[in-house]
Structures are given as structure tokens and as C-alpha cells.
Amino acid sequence: MDKKLLFIDCDPGVDDAAALLMAAAAPGVQILGLSAVAGNVPLERTLPNTLALAAFMGTEEVPVYAGASGPISGPAITAVHVHGEDGLRGHELPPHNLKAREETAWDALYREALAHPGEVTLLALGPLTNVAIAFAKHPRLPELLKEVVLMGGAAAVPGNVSPAAEFNILADPAAAEAVFRAGARVVVCPLDVTEKSYLTPEELEELAGQGSAQARYFATVMGETVPWCQEGYGVNGAILHDPAALMYVLQPGLFTGKKCWIGVETQGQVSRGKTVCDAFSDAKKEPNCTLVYDVDRPAFGRAVLDIMARS
Ligand code: RIB
Ligand code: CA
């Protein structure tokens with residue numbers, strides 16, 4: 001069976017780290033490149049974290065590219081209160097000697113899409129700044145990509161950074177709006193589905209006991225978020241926002257989605273960064289994405305454990 005070709009844009013970030021560890025362990029996947037974007041923590045941290053993760057997950061040969069150091073417009077925000085100043089909640093990764101490539105994230109993504117027309121899935125796990133720049137600089141890119149699967153937005157649930165907005169969208173609303181407008185095949189994994197995509201305390205314990213350093217690291221950094229998930233989301237477990245978007249790429253059958261139109265509020269006072277979804281309004285807006293809104297949670301948990309058991 002041909003491998004799934006994946007290019008991952010991320011802002012590690014502990015759940016980005018978990019998603020990358022899972023992508024490296026997953027069967028049938030070839031990671032063409034990793035790119036870092038400013039998000040959870042500044043690029044000065046997300047880039048070194050991405051390099052350290054590439055080494056830790058045993059994919060030293062996968063090139064790592066630097067992307068944008070801030071949004072294409074508006075103020076920069078971070079989530080250091082969740083991920084810590086270093087972005088990995090103080091959980092240092094082993095030393096390595098990897099260096100980022102000279103090529104920018106957006107040029108590397110375009111080169112890979114040209115080399116594999118219609119075959120590359122772009123997995124976007126952070127603010128969409130790099131993706132928007134890539135689409136603006138390379139107008140053919142949206143059609144060349146197989147699809148863009150992104151973690152971001154909130155359709156029928158409240159935001160997590162503001163009452164209206166989810167972090168990845170609010171971090172760069174103009175970029176997100178540009179991505180939804182670009183004509184690419186977009187699959188959105190918003191909080192509506194990622195809040196349901198969690199590991200129970202028992203599953204976290206099984207993960208920690210699997211034996212590999214990568215599984216232990218995943219269980220540790222995500223296990224520390226359980227109290228925050230319990231208090232903030234009422235979920236007794238570790239919510240896996242970014243791993244959920246990756247799992248959609250690996251096993252889409254675990255999820256339920258629907259075609260719909262999404263627009264991003266870029267100007268609002270209380271609603272800036274809101275992903276406005278038209279599911280059944282009189283406006284009957286032409287769908288521009290697949291909105292994923294449900295997951296088979298037990299099957300998701302089992303799949304995460306089965307994949308990480310290979311690490
Ligand atoms: O809102 C959750 C998203 O924002 C995740 O991608 C997390 O890593 C942060 O980037
Ligand atoms: Ca992220």
C-alpha cells in the first residue's frame with residue numbers, strides 16, 4: 001500500500017509533540033518535512049522544539065524548516081500558561097545536532113507539493129500563518145495539495161482562548177480566513193471534536209507503561225494537562241487536540257464530518273477569531289471545507305495506544 005505523504009506544520013507545544021511522536025510511529029506514513037511556526041510559544045522556541053522532536057522520534061532524516069515568527073497581521077499571542085516558557089512544560093528532550101534547513105517553510109511545502117502533485121497532505125497544527133504565506137506566494141499550491149487537515153476553530157462550542165475563538169485561529173485570524181478562501185480541500189478539526197478526543201487516566205497509565213521513551217514522554221506531558229482538562233472542559237482525561245487532527249489523516253473512519261462553509265471573523269471586538277460556520281442557514285453559503293464534529297472516543301483511545309506501542 002502506498003504511504004501517506006505528510007508535511008506537518010506545528011508550534012510545539014506539548015500536544016504538537018504528542019502528534020509528532022504519533023506520526024513517527026504510525027505505519028504507512030512518510031513525513032516529507034516539518035515546519036515550525038510561532039504559536040504556543042515564539043518561533044525561537046517552536047523551531048528548536050521541532051528539531052529536538054525530529055531527533056527524539058528517530059526521524060533525523062526528515063528536514064525541518066523555519067516559518068513565520070508572528071501573525072501576518074494583528075498582535076501575537078502565545079499559550080505559555082499551558083505549554084510553559086520552553087513550550088514543552090520543562091520536559092527537556094535529548095541533545096542532538098540537527099539544524100533547520102535554509103529553505104523557508106512555505107517554499108519547501110510548495111517544492112514537495114510540486115514533486116508529488118495531488119498526494120501530499122498538509123497537517124497544520126498551529127496558527128495558519130505559514131500556510132497563508134505559502135498560498136499567497138505560490139497560487140498553484142492549494143490545487144497541488146491532496147488536502148489540508150487542520151486543528152483549529154470552534155463551530156458549536158465556545159472558544160478556548162476567548163469566549164468566541166480557539167487558539168490557532170485567534171493567533172492569526174487573517175491567515176485562517178485566507179486559507180479558507182484559497183480553494184484547497186480543507187478538513188477542519190475544531191474544538192467540537194478535539195474536546196471529545198482524549199485519553200482516559202487508565203489509557204494514560206497504559207501508555208506510560210508501554211516501555212518506549214517516546215510513549216513515556218507522550219504520557220508525561222499530556223498527563224500533566226488532565227487537571228486543566230477536568231477543570232476547563234469537564235473531561236476526565238487528557239484532551240489531544242493536535243493528535244486528533246493527525247488521527248483524522250490516519251483513520252478518518254473514526255470521525256464524523258460534514259461539508260460546510262466557514263468564515264473567520266477578523267475584525268470583531270468580542271468575536272475576533274471566531275470560525276463562523278454555515279451548516280443550514282438561509283444564506284446557503286457554498287461549502288469550503290469538511291467540518292469534523294464527532295469521534296468514536298474509545299476507538300480513538302485504542303488507536304493512539306496501538307500506534308504508540310510501535311514507538
Ligand atoms: O487550541 C488548541 C491548539 O492551540 C493546539 O494546536 C495547541 O497546540 C495550540 O496550538
Ligand atoms: Ca499546536
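Remember, it's 1-based here, ligands and their atoms both numbered in the order they're listed.
Here Asp16 has side-chain heavy atoms under 4.0 Å from ligand 1, and that is the only part of it that gets that close. Counting heavy atoms closer than 4.0 Å to ligand 1, residue Asn160 contributes side-chain atoms (C-beta onward) but none from N, CA, C or O. Residue contacts with ligand 1 for Val161 are absent, since no atom lies close enough (heavy atoms, distance under 4.0 Å).
Within ligand 1, the atoms closer than 4.0 Å to a non-hydrogen atom of Asn168 are 3 (C), 4 (O), 5 (C), 6 (O), 9 (C), 10 (O), numbered from 1 in the order shown. Here is the list of ligand 1 atoms found below 4.0 Å of a heavy atom in Met151: 2 (C), 3 (C), 5 (C), 6 (O). Against a heavy-atom cut-off of under 4.0 Å, Glu166 is close to the following atoms of ligand 1: 1 (O), 2 (C), 3 (C), 4 (O). Close contacts between ligand 1 and Phe167 involve ligand atoms 1 (O), 4 (O), 9 (C), 10 (O) [criterion: under 4.0 Å to a heavy atom]. Proximity to Asn40 (heavy-atom distance under 4.0 Å) selects the following atoms of ligand 1: 7 (C), 8 (O), 9 (C), 10 (O).
Remark: the His241 side chain and the Asp15 side chain contain no N/O donor-acceptor pair separated by less than 3.5 Å. A donor and an acceptor atom, one from each side chain of Asn160 and Glu166, are nowhere located under 3.5 Å apart.
Ring geometry for His138 against Tyr110 counts as parallel: the plane angle stays under 30°, on a 0 to 90° scale with 60° as the upper cut. Using the six-membered ring where Trp is involved, Phe7 and Tyr65 have ring planes that are parallel, under 30° apart on the 30 and 60° scheme.
Here the closest heavy-atom approach between residue Val193 and residue Ser197 is recorded as O-OG, 2.8 Å. Between Val37 and Pro127, the shortest heavy-atom contact is CG1-O, 3.9 Å. Contact record, Val304 with Leu240: CG2-CD1, 4.3 Å, taken as the closest heavy-atom pair.
Residue contact annotation: Leu125 places an N/O/S atom under 3.0 Å from the Ca ion (ligand 2). Here Asp11 reaches the Ca ion (ligand 2): one of its N/O/S atoms is less than 3.0 Å from the metal.
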- [ ] Carefully, step by step, assess Glu224 and Arg89 under the rule salt bridge (Lys or Arg N to Asp or Glu O under 4.0 Å).
- [x] CA-CA 9 Å; Glu224 288 179 357; Arg89 296 177 61 85; 2.7 Å; yes
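Below 3.5 Å of separation, one finds no N or O of His241 facing any N or O of ligand 1. The N/O atoms of His83, backbone and side chain alike, include none that comes under 3.5 Å of an N/O atom in ligand 1. The shortest N or O to N or O distance between Leu125 and ligand 1 is below 3.5 Å.
Asp15 OD1, 2.6 Å is the protein heavy atom nearest to atom 8 (O) of ligand 1. Of the protein's non-hydrogen atoms, Asp242 OD1, 2.6 Å is the one closest to atom 6 (O) of ligand 1.
Of all N/O/S atoms in Asp242, OD2 sits nearest the Ca ion (ligand 2).
Hydrophobic clustering of Ile, Leu, Val, Met, Phe, Trp and Tyr side chains at less than 4.5 Å, counting indirect connections, unites Leu305 with Met57.
In this structure, Leu150 and Cys189 have side chains that are not in contact, with every pair of non-hydrogen atoms separated by 4.5 Å or more.
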